[in-house]
Amino acid sequence: MKRNMHINASARIFSNASKLRREETMAEKVLWDHLKNRQIEGEKFRRQHPIKDFVLDFYCYKLRLVIEVDGRQHLKPEAKFYDKNRTEILEAYSLVFLRFSNQMVLHSTQYVVDIIRHKVIELKQIRKSKS
């Protein structure tokens with residue numbers, strides 16, 4: 001049975017994802033230029049992917065890898081609490097998270113891409129060893 005790649009996201013969440021795709025941040029644009037078209041180890045990433053009650057910045061379904069790019073608003077205590085809770089909920093679905101700040105993506109792009117590439121390779125090896 002194929003897993004539901006959206007884990008029952010509602011129409012409202014799909015609509016929000018569509019809106020976020022049109023309003024992406026500069027850091028998201030920069031990172032998307034490195035993730036799209038299977039540039040990292042041949043893996044497909046989606047941007048602003050609806051899943052459950054949330055929208056993920058970037059998501060590789062095959063590896064269950066989530067990449068989040070956080071702006072300054074994520075430094076506020078209430079945002080940190082929300083992000084922690086959201087991550088815990090989604091980790092229950094065996095999702096793996098990488099988080100980067102906007103500044104890190106914008107000023108150390110290649111370093112961020114290298115971290116993502118290493119995580120993709122690691123997850124592919126784990127997946128291969130389980131099959």
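Keep in mind that this is a model prediction, so the values were computed, not measured. Atom set for the values below is all heavy atoms of this structure, side chains included, hydrogens, waters and symmetry mates excluded.
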Same cluster for [X] and [Y] if Ile/Leu/Val/Met/Phe/Trp/Tyr side chains link at under 4.5 Å?
X: L123; Y: F100; result: yes
X: L98; Y: V105; result: yes
X: F14; Y: Y61; result: no
X: M26; Y: V113; result: yes
X: V55; Y: W32; result: no

Minimum heavy-atom distance between [X] and [Y], given as atom pair plus value:
X: N102; Y: A27; result: OD1-CB, 3.4 Å
X: H34; Y: I40; result: O-CG1, 3.6 Å
X: D57; Y: E68; result: N-OE2, 2.9 Å
X: F45; Y: C60; result: CE2-CB, 3.6 Å
X: R21; Y: P50; result: NH2-CD, 4.2 Å

Considering only heavy atoms from C-beta outward, does the side chain of [X] approach that of [Y] to under 4.5 Å?
X: H6; Y: I13; result: no
X: L35; Y: I67; result: yes
X: L63; Y: V96; result: no
X: F97; Y: L90; result: yes
X: L95; Y: I51; result: yes
X: F58; Y: L65; result: no
X: L31; Y: I116; result: yes

For the [atom1] atom of [X] and the [atom2] atom of [Y], what is their distance to the nearest 0.5 Å?
X: E91; Y: K84; atom1: CD; atom2: NZ; result: 9.5 Å
X: F54; Y: Y59; atom1: CZ; atom2: OH; result: 13.5 Å
X: Q48; Y: K19; atom1: CD; atom2: NZ; result: 11.0 Å
X: E43; Y: K119; atom1: CD; atom2: NZ; result: 14.0 Å
X: K62; Y: M5; atom1: NZ; atom2: CE; result: 12.5 Å
X: S10; Y: D53; atom1: OG; atom2: CG; result: 6.5 Å

Inset, instruction - Indicate yes or no: does R47 engage E28 in a salt bridge with an N to O separation below 4.0 Å. - result: no
Inset, instruction - Check for a donor-acceptor pair, side chain of K124 on one end and backbone N or O of E41 on the other, with a separation under 3.5 Å. - result: yes
Inset, instruction - Answer yes or no: is there a donor N or O on one side and an acceptor on the other, between the side chain of Q39 and the main chain of K36, under 3.5 Å? - result: yes
